[in-house]
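Right, one structure below, let's go through it.
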Amino acid sequence: NVQVVDARDGAVIAAHQLDQAVAAVSQSPDGALVATCGMGGKPSLFSKDTIVESKSLAAVEDAVNVRFVTSGKLLVGTESGKALLIDVAADQILQRLDHGAAVRALTVSAQGDVIATGGGQGQVKLWDVSDGKLLHTLTGDPVSVLRLASIEQDVDREKSWVDQLNGQTESLKKRLE
């Protein structure tokens with residue numbers, strides 16, 4: 001089950017029941033759509049509590065990751081080594097990026113003009129969003145590459161834990177005084 005929750009008050013905005021465990025989830029920047037990728041390789045697209053039918057997504061059977069590039073463009077990483085850039089409104093594949101190995105990590109530059117794909121072979125590939133051209137290949141530690149898309153989330157989570165511990169420490173100090 002995937003829930004979209006308002007971060008301000010915790011209210012559930014939408015809930016989506018899936019028939020498989022969730023491997024990845026992404027919300028469009030405008031909040032209108034949610035994309036999921038199940039452990040069985042099938043991506044899904046939702047608007048509020050409604051499934052959005054998509055022939056482009058239905059054709060993908062080996063998805064391992066999803067990431068919105070913009071509100072109208074969804075990136076799908078596949079086990080077969082492709083990253084598919086899909087225009088969700090037009091329901092068409094705009095780019096087929098050949099990463100060469102399972103695409104387990106996806107991210108996009110802040111400007112939205114460069115996509116980074118990462119996989120288990122220890123490479124990160126940078127792609128031009130407009131034409132799908134490979135801009136650069138970075139080679140490194142395979143474990144680090146798999147963490148490409150989650151580094152910022154990890155840092156935020158660590159900061160939150162530190163803040164929480166600091167708050168508990170202050171509370172304990174006050175009690176001991």
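One distance of note links NZ of K125 with OG1 of T139; it measures 8.5 Å at 0.5 Å rounding. Note: W127 CH2 to T137 OG1 = 7.0 Å, rounded to the nearest 0.5 Å. The line from CD1 of I115 to CG of L106 is 8.0 Å long, rounded to the nearest 0.5 Å.
Residue C37 comes nearest to A63 through the heavy atom pair SG-O, 3.2 Å, listed as atom of the first residue, atom of the second, then distance. Taking every heavy atom of both residues into account, A105 and N65 meet most closely at CA-ND2, 3.7 Å. In plain terms, the two heavy atoms of S28 and A32 that are nearest each other are OG-N, 3.2 Å.
Cluster annotation: L84 and V52 are assigned to the same hydrophobic cluster (Ile/Leu/Val/Met/Phe/Trp/Tyr, side-chain heavy-atom contacts under 4.5 Å, transitive). Hydrophobic cluster membership differs between V25 and V76, with clusters built from Ile, Leu, Val, Met, Phe, Trp and Tyr side chains linked at under 4.5 angstrom. Under the 4.5 Å side-chain heavy-atom criterion for Ile, Leu, Val, Met, Phe, Trp and Tyr, L74 and F46 are members of distinct hydrophobic clusters. Under the 4.5 Å side-chain heavy-atom criterion for Ile, Leu, Val, Met, Phe, Trp and Tyr, L97 and I93 are members of distinct hydrophobic clusters. In this structure, F68 is a member of the same hydrophobic cluster as V66, with clusters built from ILVMFWY side-chain heavy atoms closer than 4.5 Å.
Residue pairs meeting the salt bridge (Lys or Arg N to Asp or Glu O under 4.0 Å) criterion with at least one partner in residues 76-87, sequence neighbours excluded, are E79-R104, K82-D98. Listed by first and then second residue, the salt bridge (Lys or Arg N to Asp or Glu O under 4.0 Å) pairs involving residues 105-117 amount to none (not counting sequence neighbours).
Of the possible donor and acceptor atoms, one in the side chain of D62 sits under 3.5 Å from a partner among the backbone N and O of S80. Proximity of a side-chain donor or acceptor of K133 to a complementary backbone N or O of D128 within less than 3.5 Å is not detected. Between the T117 side chain and the V103 main chain, no donor and acceptor come within less than 3.5 Å of each other.
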Would you check, one step at a time, whether the test side-chain contact (heavy atoms from CB on, under 4.5 Å) holds for L75 with V108?
-> CA-CA 9 Å; L75 193 57; V108 61; over 6 Å; no
Run the numbers on L85 and V129 for side-chain contact (heavy atoms from CB on, under 4.5 Å), then give the verdict.
CA-CA 8 Å; L85 181 60; V129 171; 3.9 Å; yes
Identify each donor-acceptor pair in which a side-chain atom of residues 53-61 lies under 3.5 Å from a protein atom, sequence neighbours left out, and give them as a table.
from: S54; atom 1: OG; to: S56; atom 2: N; distance (Å): 3.4
from: S54; atom 1: OG; to: L57; atom 2: N; distance (Å): 3.1
from: S54; atom 1: OG; to: D91; atom 2: OD1; distance (Å): 2.7
from: S56; atom 1: OG; to: D91; atom 2: O; distance (Å): 2.9
from: S56; atom 1: OG; to: D91; atom 2: OD1; distance (Å): 3.0
from: S56; atom 1: OG; to: Q92; atom 2: N; distance (Å): 3.4

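For S26, there are no side chain to side chain donor-acceptor pair (under 3.5 Å) partners, not counting sequence neighbours.
With a 4.5 Å cut-off between side-chain heavy atoms of Ile, Leu, Val, Met, Phe, Trp and Tyr, the cluster of V64 takes in none.
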